[in-house]
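Every value quoted in this text rests on a predicted model; they were computed, and no experiment measured them. In what follows, chains are A, B, ... by sequence order, proteins preceding strands, each numbered from 1.
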Amino acid sequence: GQQLNQSPQSMFIQEGEDVSMNCTSSSIFNTWLWYKQEPGEGPVLLIALYKAGELTSNGRLTAQFGITRKDSFLNISASIPSDVGIYFCAGHTGANSKLTFGKGITLSVRP
Amino acid sequence: NAGVTQTPKFQVLKTGQSMTLQCAQDMNHNSMYWYRQDPGMGLRLIYYSASEGTTDKGEVPNGYNVSRLNKREFSLRLESAAPSQTSVYFCASSQTGALNEKLFFGSGTQLSVL
């Protein structure tokens, strides 16, 4: 089945820094979604992307749907302590396909 | 708005015991899902219900059963719990019957099987 690759498993940054996370696949995806999960909670949708090349922002977050349709990235600018959590990418390969999740990247922000 | 509500929040079972995890959504969504989350494994789909009256297996269905009780409620049952089922379980829902919509998640049930 389709796999989404996220690495590294953990990232440690200083408050105020920008951070970029990639999500890659060997398969073509039609939809890319980015979720954030805080401790003790379920994942919350941050950004949804539906078209190759699409660039979408949500506050300090910016995500792009790669031109090849095999990757996406999420940028967080000027990080703050509440950005800590696990960031998952997810995507669909077709209209009736199940949503595939990456394994997530745990982000830590040092004050 | 409550969104997706799961109960219980925490549960400890002994091997062989049974239990049902409850999930309800108030967004009038057609589709509902059960996932499990294990360290280093991400989210894996157990079962889903594309619409009221239908259920289908996901990636890891063995040891589980589900019931789509009505449009709002989708329960997950462990008939004979095993230690391998120790995990965090998430219920989710989405608007459309097709499996290509964004999901909204509950806050999870942390289950330990001893």
In terms of side-chain heavy atoms, does A:T62 have a donor or acceptor partner in A:S57 at a distance below 3.5 Å?
yes
Counterpart residues, side-chain contact (heavy atoms from CB on, under 4.5 Å), relative to B:S80 (two or more places apart)
none
Residue B:L43 versus chain A: region with a heavy atom under 4.5 Å
both
Working to the nearest 0.5 Å, report the span between CZ of A:F29 and CG of A:L99.
9.0 Å
Hey, are B:Y35 and B:Y47 close enough side-chain-wise for a donor-acceptor pair under 3.5 Å?
no
Counting heavy-atom pairs under 4.5 Å to chain B, which of A:Q6, A:Q9, A:Q37 comes out on top?
A:Q37
So if I take each residue of residues 102-111 of chain A and look for any heavy atom under 4.5 Å from a heavy atom in chain B, which residues do I end up with?
A:G102, A:K103
Would you call the rings of A:F101 and A:Y35 parallel, tilted or perpendicular, taking 30° and 60° as the class edges?
tilted
I'd like to know if A:D18 and A:R60 make a salt bridge, using a cut-off of under 4.0 Å between side-chain N and carboxylate O.
no
Any chance you could measure B:Q85, atom CD, to B:N62, atom CG, to the nearest 0.5 Å?
9.5 Å
If the contact rule is any heavy atom under 4.5 Å from chain A, which residues of residues 14-23 of chain B qualify, in numerical order?
none
Could you tell me if A:T31 and A:H92 have a donor-acceptor pair between their side chains, going purely by distance under 3.5 Å?
no
Once side-chain contact (heavy atoms from CB on, under 4.5 Å) is applied, do any residues pair with B:T55, and if so which ones, sequence neighbours excluded?
B:S49, B:V66, B:R68, B:F74
Among B:K9, B:Q110, B:Q37, which residue forms the greatest number of heavy-atom pairs with chain A at distances under 4.5 Å?
B:Q37
Any side-chain donor paired with an acceptor under 3.5 Å for B:D38 and B:S87?
yes
Before you tell me yes or no, could you show the steps for A:S20 and A:N75 under side chain to side chain donor-acceptor pair (under 3.5 Å), namely the whole-Å CA-CA distance, both residues' side-chain angles and the distance that decides it to 0.1 Å?
CA-CA 4 Å; A:S20 183; A:N75 279 352; 2.6 Å; yes
